[in-house]
Structures are given as structure tokens and as C-alpha cells.
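In listed order, ligands and their atoms are each counted from 1. Note that this is a predicted model, so its numbers are computed, not measured.
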Amino acid sequence: MKQLELTPRLRAAAELVREGSSLADIGTDHAYLPVWLLLEGRISRAIAADLRPGPLERARATARQYGCSDRVDFRLCDGLTGLYPGEADTLVIAGMGGETIARILEGAPWVRDAAVTLILQPMSAQPDLRRWLWQAGFGLEQERIICEGEKLYNIFLARFGVASPMTAGEEWAGRQCPELDQPLRGEYLSRLLKKAQRALAGLERSTEGKDSPRAGELRQICRELEQMEQEWNTWQR
Ligand SMILES: C[S@@+](CC[C@H](N)C(=O)[O-])C[C@H]1O[C@@H](n2cnc3c(N)ncnc32)[C@H](O)[C@@H]1O
């Protein structure tokens with residue numbers, strides 16, 4: 001049988017799962033991540049949950065193909081609604097928009113517990129998710145930046161407990177310090193800055209946009225990202 005290979009994005013998320021965790025993969029689709037962890041012997045059981053029957057059927061097919069159907073619980077549910085509070089100590093929510101991830105977490109107060117590890121991989125709205133996390137009391141313990149094809153992806157490791165407020169620029173790019181182990185950070189900052197500058201230019205072209213509060217916010221974000229980029233480049237010398 002062909003070995004199950006994860007894409008770099010899913011592999012990076014899987015590598016953050018501590019050995020022996022009780023895992024739930026929310027929005028599992030093919031269930032590649034939990035099945036890979038089971039095959040590697042890093043976990044002994046997993047919950048694979050999805051909102052829709054089609055993806056959950058694909059998850060069942062993967063588990064069957066790799067001979068681990070008896071070690072996966074399949075749940076058809078929205079977010080965490082199909083789990084008992086505390087049923088898993090590690091939650092992976094990958095491949096969804098940041099706002100959806102925040103909504104899923106908002107709906108499950110039991111995840112506000114330092115014993116629960118969150119591994120989150122937002123496909124969009126990363127600033128909204130970072131903001132939601134710190135405002136809800138979650139600390140971002142680690143962020144990984146992964147390149148797959150041309151795209152960069154973020155993976156957050158978060159836990160309820162010590163949260164500190166972030167500036168708007170930090171919500172865009174994550175907090176940085178010289179010790180940060182993020183080889184792709186320079187490229188990430190440069191892409192974010194271009195994105196913020198494009199958004200600002202678009203807003204300024206519309207006559208009302210010039211003085212709008214959003215334009216002011218974006219100007220501040222661009223300034224912060226520029227400073228972060230300079231600071232990061234200095235640290236790399
Ligand atoms: C793009 S796939 C991601 C699959 C896998 N997690 C990954 O990262 O490769 C997104 C999956 O999330 C599921 N999904 C979307 N909203 C969801 C929700 N509120 N609760 C559970 N699953 C959801 C979709 O049905 C879909 O199967």
C-alpha cells in the first residue's frame with residue numbers, strides 16, 4: 001500500500017501534536033492528518049469531525065484504506081458541537097477561514113482551559129483570528145510559516161492563559177523577537193506589507209476612502225509592518 005504522505009502545510013500542523021495526545025481534527029475532510037498520526041504511532045485514537053457528510057465519507061475511506069477505522073470516531077457536526085467538553089486535549093482546526101475558526105472556538109467555552117492545545121491553520125483572515133485569540137484570553141505560544149507551492153501558510157499553537165494585547169501590526173504579522181525560529185518570516189513580512197499597501201492604495205483611490213477610519217488603520221499597519229521588516233532584517237545580520 002502507498003505510504004500516506006502529508007503536504008508540508010498539514011505535516012507542519014501534525015508535527016505540533018504532542019505524542020500521546022487525545023486529538024480531535026475539526027473540518028477533517030480526508031482525515032489525512034489524524035490517520036497519518038495514527039500510522040506514525042504518535043496517537044492511539046482520534047476524533048475526525050466535519051460539517052458535511054461528503055468529507056466525512058472521505059475520512060472514513062482514508063481510515064479504511066490505512067486500516068485504522070477502529071481507532072477513529074467520526075462525527076458529523078458543526079465545529080465542536082459534536083464533542084463532549086474535555087473529550088480531546090488537542091484540537092486541530094485547519095484549512096478554514098480565520099473567522100470560521102474563531103466562531104467554532106467561541107461556541108465551545110470548554111476550550112478556555114490551559115490543558116487544551118489548539119493547533120489552528122487559518123486560510124484567510126489571520127489578523128481577525130489573532131485578535132479574537134488574544135481578546136478571548138488565548139496566548140499564541142508558537143507560529144509556524146510554511147511554504148507550499150507559491151503560498152505561505154500560518155499555523156498557530158495557542159492555549160488559554162497568558163494573553164497579551166497585540167497592536168494592529170502584530171495582529172497582521174504576529175509578534176516577533178530575535179529568537180523567533182521562522183526562516184520564512186522575511187518573505188512573509190514583505191508579502192504582508194505589499195498586501196497592506198495595495199489595500200490602502202485602493203481605499204485612497206475611492207474619494208471617500210481617503211479620510212475613512214479604515215484608511216487611517218491601514219496607514220498605521222503599513223508603518224508597523226515596515227518597522228517590523230527593518231527590525232527583522234537587522235536581527236538576521
Ligand atoms: C478545505 S477543507 C480542510 C481539510 C483539512 N482540515 C485540511 O486542512 O487539509 C475544510 C473542511 O472543513 C469543513 N468545515 C467547514 N466548516 C466547518 C464547521 N463549521 N465545522 C466542521 N467542519 C467544517 C468542510 O466541510 C471541509 O471538509
Side-chain angles (χ1 to χ4, degrees), residues 2-18 21-40 42-43 45-66 68-69 71-85 87-112 116-126 128-130 132-133 136 138 142-158 184:
K2 213 172 135 243
Q3 215 189 330
L4 178 57
E5 297 272 355
L6 295 183
T7 59
R9 173 185 66 84
L10 275 183
R11 173 81 186 237
E15 281 171 355
L16 289 174
V17 175
R18 203 174 28 83
S21 302
S22 69
L23 173 84
D25 184 30
I26 309 301
T28 194
D29 199 349
H30 290 271
Y32 290 143
L33 180 138
V35 168
W36 184 84
L37 286 163
L38 286 164
L39 295 175
E40 290 283 307
R42 299 197 194 188
I43 56 171
R45 289 201 64 77
I47 296 170
D50 206 287
L51 179 64
R52 296 182 297 131
L56 207 61
E57 203 33 63
R58 287 197 282 275
R60 284 200 179 89
T62 306
R64 251 192 323 270
Q65 184 184 353
Y66 289 95
C68 41
S69 301
R71 289 177 286 156
V72 185
D73 277 341
F74 300 94
R75 310 271 170 94
L76 183 65
C77 59
D78 182 358
L80 292 157
T81 55
L83 273 72
Y84 300 110
E87 206 180 353
D89 63 24
T90 304
L91 304 172
V92 175
I93 314 180
M96 288 182 218
E99 284 159 343
T100 304
I101 295 176
R103 185 183 60 73
I104 288 173
L105 296 172
E106 181 76 55
W110 62 270
V111 306
R112 296 174 190 228
V116 177
T117 304
L118 302 178
I119 298 168
L120 311 173
Q121 191 277 300
M123 300 299 266
S124 60
Q126 289 84 0
D128 300 272
L129 182 57
R130 286 195 190 89
W132 185 87
L133 285 167
F138 290 88
Q142 213 189 115
E143 276 204 32
R144 297 188 70 183
I145 301 169
I146 297 299
C147 185
E148 201 176 291
E150 293 288 295
K151 280 199 77 170
L152 295 182
Y153 296 94
N154 308 78
I155 302 167
F156 303 166
L157 189 123
L184 291 171

**Request:** Using a strict 4.0 Å threshold on nitrogen-to-oxygen distance, state whether Arg11 and Glu148 make a salt bridge.
**Result:** no
**Request:** Report yes or no: does a heavy atom of Gly79 sit under 4.0 Å from some atom of ligand 1?
**Result:** yes
**Request:** State, with a plain yes or no, whether a side-chain heavy atom of Ile26 is found less than 4.5 Å away from one of Val92.
**Result:** no
**Message:** How far is atom 22 (N) of ligand 1 from the closest protein heavy atom, and which atom is that?
**Reply:** Leu51 N, 3.2 Å
**Asked** Between Thr28 and Ala49, is there a donor-acceptor pair closer than 3.5 Å when you use the side chain of the first and the backbone of the second?
**Response** no
**Message:** Quick test: of every protein heavy atom, which one is nearest to atom 25 (O) of ligand 1, and how far off is it to 0.1 Å?
**Reply:** Asp50 OD1, 2.6 Å
**Fill in**
So for Met96 against ligand 1, with non-hydrogen atoms under 4.0 Å, the contacting part is side chain
**Asked** Is Arg52 in polar range of ligand 1, meaning some N or O pair under 3.5 Å apart?
**Response** yes
**Prompt:** Would you say Ala94 has any N or O atom under 3.5 Å from an N or O of ligand 1, going by distance alone?
**Reply:** yes
**For atom 10 (C) of ligand 1, the protein heavy atom that lies nearest, with its residue and separation** = Gly95 O, 3.7 Å
**Asked** Side chains of Glu99 and Trp132: do they bring a donor and an acceptor to under 3.5 Å?
**Response** no
**Complete:** Taking only non-hydrogen atoms of Cys77 and a 4.0 Å limit, the atoms of ligand 1 in range are 20 (N), 21 (C)
**Asked** Quick one: does ligand 1 sit under 4.0 Å from the side chain of Pro55, the backbone, both or neither, non-hydrogen atoms only?
**Response** side chain
**Item:** Under 3.5 Å: donor-acceptor pair, side chain of Asp78, backbone of Leu51
**Value:** no
**Request:** Please state which part of Leu10 comes within less than 4.0 Å of ligand 1, counting heavy atoms only: side chain, backbone, both or neither.
**Result:** side chain
**Tyr32 side chain reached by Glu5 side chain, heavy atoms, under 4.5 Å** = no
**Asked** So, does Asp50 use its side chain to make a donor-acceptor pair with the main chain of Asp29 at under 3.5 Å?
**Response** yes
**Request:** Would you mind listing which atoms of ligand 1 come within a distance below 4.0 Å of any non-hydrogen atom of Arg103?
**Result:** 19 (N)
**N-O pairing of Arg75 and Glu87 below 4.0 Å** = yes
**Complete:** Asp78 heavy atoms within 4.0 Å reach ligand 1 at atoms 18 (C), 19 (N), 20 (N)
**Prompt:** At a non-hydrogen distance cut-off of under 4.0 Å, which region of Asp25 contacts ligand 1 (side chain, backbone, both, or neither)?
**Reply:** neither
**Message:** If we only consider heavy atoms of Arg9, is any one of them less than 4.0 Å away from an atom in ligand 1?
**Reply:** yes
**Message:** Quick test: of every protein heavy atom, which one is nearest to atom 11 (C) of ligand 1, and how far off is it to 0.1 Å?
**Reply:** Gly27 O, 3.6 Å
**Message:** Using a 3.5 Å distance criterion without hydrogens, assess whether the side chain of Gln121 forms a donor-acceptor pair with backbone atoms of Gly95.
**Reply:** yes
**Request:** Look at the side chain of Thr90 and the backbone N and O of Leu23, then say whether any donor-acceptor pair between them is shorter than 3.5 Å.
**Result:** no
